[in-house]
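First up is the structure itself, then whatever we jot down about it.
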Amino acid sequence: MARPRVLVLGGGFGGLHAARRLRNEDVDVTVLERGTSHVFQPLLYQCATGLVSEGSIASPLRHLLRKQKNVHVALGEATSVTAVGDGSAGDGGVVTASRFDGSTFELPYDYLVVAVGMQQAYHGHDEYVQWAPGMKTLDDALAIRRKLISAFEMAESLPTADERRPWLTFAVAGGGPTGVELAGQIRELASRALAKEFDSIHPSEARVLLFHGGDRVLESFPDSLTKKAQRTLDTVGVETHLGVHVTDVTATDVEVTAKAEPKTVTRYDTHTVLWTAGVEAVPFVKQLANAMGVEQDRSGRIAVQPDLSIPGHRNVFVVGDIMSLNKLAGVAEVAMQGGRAAGAAIAADLSGSARKDFEYRDLGTAAYIARGHALVQAGPLRMSGFLGWVSWGVIHIAFLAGNRNRVGTLINWAATLATGTRRERAITYGDPETARKPYN
């Protein structure tokens, strides 16, 4: 008889760990990913600000899974799914995926693990994306790097301070970990790495605005830690505006509105707006929910059973950011453990044993604020300042995929600390197929 077919959608933390858990099982595993690499998303902001290269945080999936003989990697993006049977373990289905050129192909499955992740949410204003890129993909990070470096170069070429000011004003929407980390790194980029490299401007005077709707940044951390984070942001020069929502973005400015009465509206002249204010499920998840007859929450997540399967479909698992279970956060460690748990549930079916309920082990959360300052929380343990910064570094190096990336990132960090420079500042002019203009 043919071996059971396990289809894993997504090559991120959840999908990669699900595939690895099935290494020694008598199954055929296919990992479908729209890109060629597993990307370490927690360090995307460092790629965007020139601290590490894109190669340091991205590892080819085929390389990571090259020794796993029962795995096949397919490049494409899932577009639809059809369930077959009554949803019992072993009943199959078909996922349709699109290739780079727009053509489609089908992938049958006996078990399906969905780990497709989230995308940036613009809360009904998708038109903002053209002016305010998010921070979810490698493309986003490279686009932000292009905007940041180009802004400093544009300012250098302008003759007056009034003309330069909008180019040296950077707005970040969202005061969660990604927003705080990004804002802090922009200030470090300007005040340290670029401070002595320009003639007409002083990059250390770059204005970084951080807008957040809550009453404190990093609301997932205890109040005692967020107060320390706020003091560090103030020290490095980030201007934090709390209790406001971004209500308009254009090519030349950003508008924010106070949540409290009298709902004051303020506009800031800036050519660089970066968006980290919320996430939502990618479009495929809605198609999955409709096909499986289940509901989504406000962010598009799907509620799962204790074994991470979809209600009524024991052969379909949802893990990672799009999984809704016990109010677990959409962080890397939840996705890793969820992927391994889904793989273990499939292995239990194959061996005829009972599945185990998913039990998440909270290994803590961390956020980088500025050089020498980070927050780490693990159960009752709370660290900040230099000790938190060192612990943050150890955690992230440990979770990077591949020894080469770990060593490369350590070398980049060490070089930056020793010299104060950032070498990963190469930018491109965009897609040559769309940017090329014919000569007259």
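Values below: all heavy atoms of this structure, side chains included; hydrogens, waters and symmetry mates excluded.
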Heavy-atom donor-acceptor pair, T276 side chain to G174 backbone, under 3.5 Å: yes
Ring geometry between F198 and F152 (parallel below 30°, tilted from 30 to 60°, perpendicular above 60°): tilted
Any donor-acceptor N or O pair under 3.5 Å, side chains T160, E163: yes
Y128 and H125 aromatic ring geometry - parallel, tilted or perpendicular at 30°/60° bounds: parallel
Between W167 and H271, ring centroids under 6.0 Å: yes
N/O donor-acceptor pair under 3.5 Å between E333 side chain and D362 backbone: no
Lys/Arg-Asp/Glu bridge criterion (N-O < 4.0 Å) met for R425, E197: yes
Sidechain-backbone polar pair: K227 side chain, D223 backbone, donor-acceptor under 3.5 Å: no
Donor-acceptor pair, side chain of H313 and main chain of M292, under 3.5 angstrom: yes
Pair D162 + R165, salt bridge at N-O below 4.0 Å: yes
Donor on one side chain, acceptor on other, T226 and R216, under 3.5 Å: yes
Under 3.5 Å side-chain donor-acceptor pair for Q185 and E181: no
Main-chain N/O of G134 paired with Y122 side-chain donor or acceptor, under 3.5 Å: yes
Donor + acceptor pair across side chains of E255, T247 (<3.5 Å): yes
E33 side chain vs A74 backbone, donor-acceptor pair below 3.5 Å: no
Residue pair D139 / T137, side-chain donor-acceptor N/O under 3.5 Å: no
H17 and R20: side chain donor to acceptor below 3.5 Å: no
Donor on one side chain, acceptor on other, T270 and T169, under 3.5 Å: no
Any donor-acceptor pair under 3.5 Å from S157 side chain to M154 backbone: yes
Atom NZ of K356: over 12 foreign heavy atoms under 6.0 Å: no
No-hydrogen, no-angle side-chain donor-acceptor test under 3.5 Å, T240 and Q230: yes
T79 backbone acceptor or donor facing Q287 side chain under 3.5 Å: no
Donor + acceptor pair across side chains of T235, T232 (<3.5 Å): no
F13 and H38 aromatic ring geometry - parallel, tilted or perpendicular at 30°/60° bounds: perpendicular
Side chain to side chain, I346 and V113, heavy atoms closer than 4.5 Å: yes
Residues, nucleotides or ligands: over 12 heavy atoms within 6.0 Å of R34 CZ: no
Pair E54 + R145: basic N to acidic O under 4.0 Å: yes
From L218 atom CG to I369 atom CD1, the distance as rounded to the nearest 0.5 Å: 5.0 Å
W275 side chain to A121 backbone, donor-acceptor under 3.5 Å: yes
Ion pair check, R301 and D321, cut-off under 4.0 Å: no
Pair F211 + Y268: ring centers closer than 6.0 Å: yes
Over 12 non-hydrogen atoms of neighbours within 6.0 angstrom of CD in E295: no
